[in-house]
There are 2 protein chains.
Amino acid sequence: MRMSELSRRSGVSVTTIKYYLREGLLPVGRQLSATQAEYDENHLRRLRLIRALIGVRGLSVSATREVLGALAGHTADTHRILGLTLGAIRLADEAEADSPEPAEVDALIEELGWDVHRSAPARLALADTLASLRTLGAPLDRRVLLPYARLAEETAVLDLDQLDGIEDSLEVAERALLLTVLLEPALMALRRMAQQNESARRHAGGADRADC
Amino acid sequence: MRMSELSRRSGVSVTTIKYYLREGLLPVGRQLSATQAEYDENHLRRLRLIRALIGVRGLSVSATREVLGALAGHTADTHRILGLTLGAIRLADEAEADSPEPAEVDALIEELGWDVHRSAPARLALADTLASLRTLGAPLDRRVLLPYARLAEETAVLDLDQLDGIEDSLEVAERALLLTVLLEPALMALRRMAQQNESARRHAGGADRADC
DNA sequence: CCATGTTAGACAGTAGAAGTATCCAATGAC
DNA sequence: GTCATTGGATACTTCTACTGTCTAACATGG
């Protein structure tokens with residue numbers, strides 16, 4: 001298909017598609033001539049994925065490029081793909097790394113018995129958040145963090161279960177990306193609603209029920 | 001203290017503090033004269049909170065203002081504060097609301113037996129993500145979503161437990177804000193590490209263990 | 001073969017967000 | 001009394017994510 005059709009079927013404007021091509025988010029089409037290029041279903045898929053990562057999850061264009069880059073180096077096994085995918089996304093902007101929190105994070109991971117890559121960005125992200133909470137006078141110690149980590153374990157089991165039974169390596173990589181990145185806002189939304197519900201439950205027992 | 005001291009103790013530049021004052025994120029100090037204003041520990045606290053929301057969690061200035069506004073209308077009970085806090089933050093940018101997903105979200109909440117406010121932004125955020133996943137060819141049905149929701153319930157119990165035993169209403173509101181918003185990147189980081197670990201575990205049993 | 005409309009690619013322009021810099025008048029400490 | 005500092009206003013900068021415009025090369029109908 002031509003770029004105009006790609007635009008029509010994806011709902012993304014031609015100029016924006018050109019922008020994504022320039023930025024290396026979308027692979028170029030098969031050049032038919034100097035002024036004609038042909039795009040296929042994979043381009044459409046990719047474009048929709050890009051829009052989801054940027055629009056729904058709120059990734060920046062450069063973060064999206066990194067993630068998609070990890071996806072491109074596929075044909076490895078699931079584990080490696082997951083590592084690449086996870087490694088490509090930074091959760092917080094950057095860590096200062098000069099606080100005592102990294103050591104605490106290492107200790108937590110050790111206590112959990114987790115096998116996590118030493119340079120995983122998630123380590124820094126966690127350390128960063130802990131440092132912030134400490135500064136704000138609400139430090140979370142390991143006793144508090146541990147049950148959260150156990151729930152994260154269970155979540156991860158659910159996540160990996162969904163990758164079972166998929167043979168195609170590229171398919172696995174893409175699905176892993178969707179589950180890891182795109183599911184995050186959904187899980188946070190579920191948590192917020194659960195908080196509201198739990199708060200309502202506890203409140204109903206003790207005090208007045210003004211509204212609702 | 002003067003603005004310069006506020007700047008020094010918070011690590012935020014004077015010009016940025018002025019910017020936050022302009023934007024209404026930080027309440028103005030007590031005016032001593034036309035060119036002198038006095039700031040106290042509350043201002044410092046607030047400023048650190050602002051930096052955490054913007055820097056660690058990645059909220060926009062306007063979203064931060066909304067959240068802090070909800071915090072200002074306190075002296076209500078915990079439940080209401082949580083509702084305000086949660087309502088002030090939108091998880092996704094906006095929803096189209098013309099897809100079938102909202103109904104599906106309603107059904108899920110009904111099935112869960114949750115007491116969630118009808119206009120909670122989290123509903124839209126969830127519907128949005130589900131719509132995206134469907135478009136991308138990886139729809140999540142209720143069977144898949146339910147166990148995630150149950151884990152969210154357990155997480156919410158942990159969250160609310162931490163608010164127990166705090167008497168001061170403002171303190172509760174601030175803590176709720178920290179737990180709800182600032183903890184999110186930490187939980188996502190835990191999930192990613194747990195995924196890596198789970199992936200390593202499963203991989204170790206079946207196939208080659210190339211790297212690690 | 002030519003006219004016409006479409007397309008790819010290059011390049012410049014724009015809008016919004018988040019600061020940053022500068023200026024100025026009014027202190028307040030010495 | 002004087003002079004560095006402060007608060008407030010205003011303008012400027014940087015970055016990001018697009019968006020608009022232009023041009024030359026095509027494809028296609030006549």
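Reckoned from all heavy atoms, side chains included, excluding hydrogens, waters and symmetry mates. In the text below, chain A, chain B and the rest are named by the order of the sequence lines, each starting its count at 1.
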Can you check the [X] [atom1] to [N] [atom2] distance for me, whole Å?
X: B/Y19; N: D/dG8; atom1: OH; atom2: C1'; value: 17 Å
X: A/R8; N: C/dT7; atom1: CZ; atom2: P; value: 10 Å
X: A/I17; N: C/dT7; atom1: CD1; atom2: P; value: 12 Å
X: A/K18; N: D/dT21; atom1: NZ; atom2: C1'; value: 10 Å
X: B/H43; N: D/dG7; atom1: NE2; atom2: P; value: 12 Å
X: A/L25; N: D/dA17; atom1: CG; atom2: P; value: 9 Å
X: B/M3; N: C/dG28; atom1: CE; atom2: P; value: 15 Å
X: A/I50; N: D/dT16; atom1: CD1; atom2: P; value: 18 Å

Is there a donor-acceptor pair closer than 3.5 Å between any side-chain N or O of [X] and the backbone N or O of [Y]?
X: B/N42; Y: B/R45; value: no
X: B/R123; Y: B/V105; value: no
X: B/S7; Y: B/M3; value: no

[X] vs [N]: side-chain N/O to OP1/OP2 distance below 4.0 Å:
X: A/T16; N: D/dA17; answer: no
X: A/S4; N: C/dT7; answer: yes
X: B/Y20; N: C/dG19; answer: yes
X: B/Q36; N: D/dT5; answer: no
X: B/S33; N: D/dG7; answer: no
X: B/S13; N: C/dT20; answer: yes

Q. Which of the following nucleotides, C/dT7, D/dC18, D/dG7, is nearest to the side chain of B/R2?
A. D/dG7

Q. Picking from C/dA18, D/dG7, C/dA8, which would you name as closest to the side chain of B/S60?
A. C/dA18

(Q) Both B/V61 and B/L32 contact DNA chain C. Which one's nearest nucleotide lies toward the 5' end? (A) B/V61

Q: Identify, between B/R51 and A/Y39, the residue whose nearest nucleotide on DNA chain C lies closer to the 5' end.
A: A/Y39

Q.
Under 4.0 Å, heavy atoms only, any strand: does A/T15 hit a base, just the sugar-phosphate, or nothing?
A. base

Q. What is the nucleic acid contact for B/E23, judged by heavy atoms within less than 4.0 Å: base, sugar-phosphate only, or nothing?
A. nothing

Q | Distance-only donor-acceptor test (3.5 Å): side chain A/R22, base D/dT19 | A | yes

Q. Does any donor atom in the side chain of B/Y39 or B/R46 lie under 3.5 Å from an acceptor atom in the other side chain?
A. no

Q. Without hydrogens or angle criteria, can the side chains of B/W114 and B/E153 be said to hold a donor-acceptor pair below 3.5 Å?
A. yes

Q: Locate the shortest heavy-atom distance separating A/P185 from B/T129; write the atom from each residue and the value.
A: CB-OG1, 4.0 Å

